[in-house]
Amino acid sequence: MNNISEWIERFPGLSRLDHPTKELLLKQSQIVTVAKGATIFGPGNSPENMLFLLDGTVRVQQTSDTGHEIVLYRIEAGQSCVLTTACLLSYDDYSATGIAETAVDAAAVPRAVFDALVAQSKPFRDFVFAAFSKRITDLFLVIDEVAFQRLDVRLADKLIKLSSNTDRVATTHQKLSFELGTAREVISRQLQEFQRRGWIEQARGSVTLIDKSQLQKLANHNT
């Protein structure tokens, strides 16, 4: 990644810090690289650093006692991890798992530096809690979706989002069940219904969106 020494400028809240605080962060932080598919943190681990993502994507997911998994959120470049923030503030262990969906570059700020800046720097503290507040709001939306929204609507919306600018989604029924917090069998039945309607075609490891407009209508509750 270019301009490693200027990573702070990638985060608007940090770029407004005073010069001495920026210098402290740059001096005390370390750039870490994580390979695609690697587990960055997991239940029972205690965070030793605050991570600021510079490149790549991290998926944060939770597994129930019965083995069911759900994706809580993703961390993209220019973001920090709310779970890490919560664990650092409470001196608690992680309760979920963070997995590198792509190769990841991140700036790691030691716990001692994080603690000192939260206590001493109002701009840094404001940055931390603003990011924390936004992610908590996002998590409430996840809870609302799982508890109250129809699965067909959520699945249609997820397929649209995962497809981006293409018509093919590289995924499996199992991965979609993780994304939506339900059983694989439930996802399989709903995908079969979408295929019966002529909206998608399925192949091993992928779903092709044949009628994106109908999926979008359903995602918008218009069907």
Side-chain angles (χ1 to χ4, degrees), residues 10 12 34 36-40 53-64 67-83 96-105 131-223:
R10 302 278 297 276
V34 181
K36 178 181 178 179
T39 297
I40 299 174
L53 202 64
L54 305 177
D55 284 301
T57 303
V58 176
R59 181 178 73 251
V60 179
Q61 62 187 46
Q62 191 164 28
T63 305
S64 71
H68 288 104
E69 298 184 22
I70 183 171
V71 176
L72 299 176
Y73 58 90
R74 284 178 169 82
I75 313 167
E76 307 286 349
Q79 297 178 342
S80 56
C81 177
V82 65
L83 184 58
T97 304
I99 299 172
E101 283 198 324
T102 66
V104 165
D105 288 324
F132 188 84
S133 176
K134 182 183 184 307
R135 188 62 77 179
I136 289 296
T137 300
D138 293 342
L139 286 174
F140 274 111
L141 292 176
V142 171
I143 294 170
D144 177 75
E145 288 177 356
V146 172
F148 303 115
Q149 291 191 20
R150 286 166 35 192
L151 180 66
D152 58 343
V153 172
R154 295 171 57 217
L155 180 56
D157 183 63
K158 181 60 66 175
L159 289 172
I160 292 290
K161 289 179 178 176
L162 292 176
S163 69
S164 188
N165 295 323
T166 70
D167 291 327
R168 181 178 177 276
V169 179
T171 189
T172 65
H173 295 195
Q174 188 69 60
K175 289 179 180 178
L176 287 169
S177 73
F178 292 166
E179 293 280 348
L180 299 175
T182 189
R184 181 185 61 79
E185 294 79 6
V186 176
I187 294 295
S188 297
R189 286 196 296 270
Q190 191 59 64
L191 287 174
Q192 288 171 2
E193 175 59 21
F194 286 175
Q195 183 164 294
R196 186 191 68 78
R197 297 183 187 183
W199 296 355
I200 67 167
E201 285 184 358
Q202 300 183 71
R204 186 176 182 84
S206 70
V207 177
T208 301
L209 309 190
I210 303 300
D211 195 336
K212 226 172 186 179
S213 63
Q214 288 298 327
L215 288 168
Q216 189 65 68
K217 286 181 181 179
L218 178 58
N220 294 337
H221 300 259
N222 290 333
T223 298

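Keep in mind the model is a prediction, meaning the values are calculated, not measured.
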Under the side-chain contact (heavy atoms from CB on, under 4.5 Å) rule, what do Cys81 and Tyr73 come out as? Steps first, then yes or no, please. CA-CA 10 Å; Cys81 177; Tyr73 58 90; 3.3 Å; yes
What do the steps show when you test Arg168 against Leu209 for side-chain contact (heavy atoms from CB on, under 4.5 Å), and what is the final call? CA-CA 6 Å; Arg168 181 178 177 276; Leu209 309 190; over 6 Å; no
side-chain contact (heavy atoms from CB on, under 4.5 Å) evaluation trace for Gln214 with Ile200: CA-CA 10 Å; Gln214 288 298 327; Ile200 67 167; over 6 Å; no
Apply side-chain contact (heavy atoms from CB on, under 4.5 Å) to residues His173 and Gln202 and explain how you reach the verdict. CA-CA 10 Å; His173 295 195; Gln202 300 183 71; 2.7 Å; yes
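Looking at heavy atoms from C-beta onward, Phe194 lies in side-chain contact with Leu215 at the 4.5 angstrom threshold. Between Ile187 and Leu180 the shortest side-chain heavy-atom distance falls below 4.5 Å. Counting heavy atoms from C-beta outward, Gln62 and Leu83 have side chains that stay 4.5 Å or more apart. Contact annotation: the side chain of Thr172 never approaches that of Leu176 to less than 4.5 Å [non-hydrogen atoms, C-beta and beyond]. Using a 4.5 Å heavy-atom cutoff, the side chains of Arg189 and Glu185 are in contact. Side-chain contact check for Leu151 versus Val186: some heavy-atom pair is nearer than 4.5 Å. Two residues are said to be in side-chain contact when any heavy atoms from C-beta on lie closer than 4.5 Å; Val60 and Arg74 fail this criterion.
Across Ala77 and Leu54, no two heavy atoms sit closer than the pair CB-O, 3.3 Å.
Looking at Gln61 and Thr97, their side chains never bring a donor and an acceptor atom within 3.5 Å of each other. A side-chain donor from one of Arg135 and Gln79 sits under 3.5 Å from a side-chain acceptor of the other.
Once rounded to the nearest 0.5 Å, the distance linking CD1 of Ile210 with OG1 of Thr208 reads 6.0 Å. To the nearest 0.5 Å, the span separating CG on Asp55 from OG1 on Thr102 amounts to 8.5 Å. Note that OG of Ser80 is 9.5 Å distant from CG of Leu53, once rounded to the nearest 0.5 Å. In this structure, the separation between OG on Ser206 and CD on Glu201 is 9.5 Å, given to the nearest 0.5 Å. Distance check, rounded to the nearest 0.5 Å: CD of Gln190 to CZ of Arg150 gives 8.5 Å. Atom CD of Gln216 is separated from atom CG of Leu159 by 11.0 Å, given to the nearest 0.5 angstrom.
A salt bridge between Arg197 and Glu193 is present, with a side-chain N of the basic residue lying under 4.0 Å from a carboxylate O of the acidic one. Comment: Glu179 does not engage Arg59 in a salt bridge, judged by the lack of any side-chain N to carboxylate O separation of less than 4.0 angstrom. A salt bridge is absent between Lys36 and Glu101: the closest approach of a Lys/Arg side-chain nitrogen to an acidic carboxylate oxygen does not fall below 4.0 angstrom.
Not one N or O on the side chain of Asp157 forms a donor-acceptor pair closer than 3.5 Å with the backbone of Val153. For Lys212 (side chain) and Trp199 (main-chain N/O), no donor-acceptor pair under 3.5 Å exists by modelled atom type.
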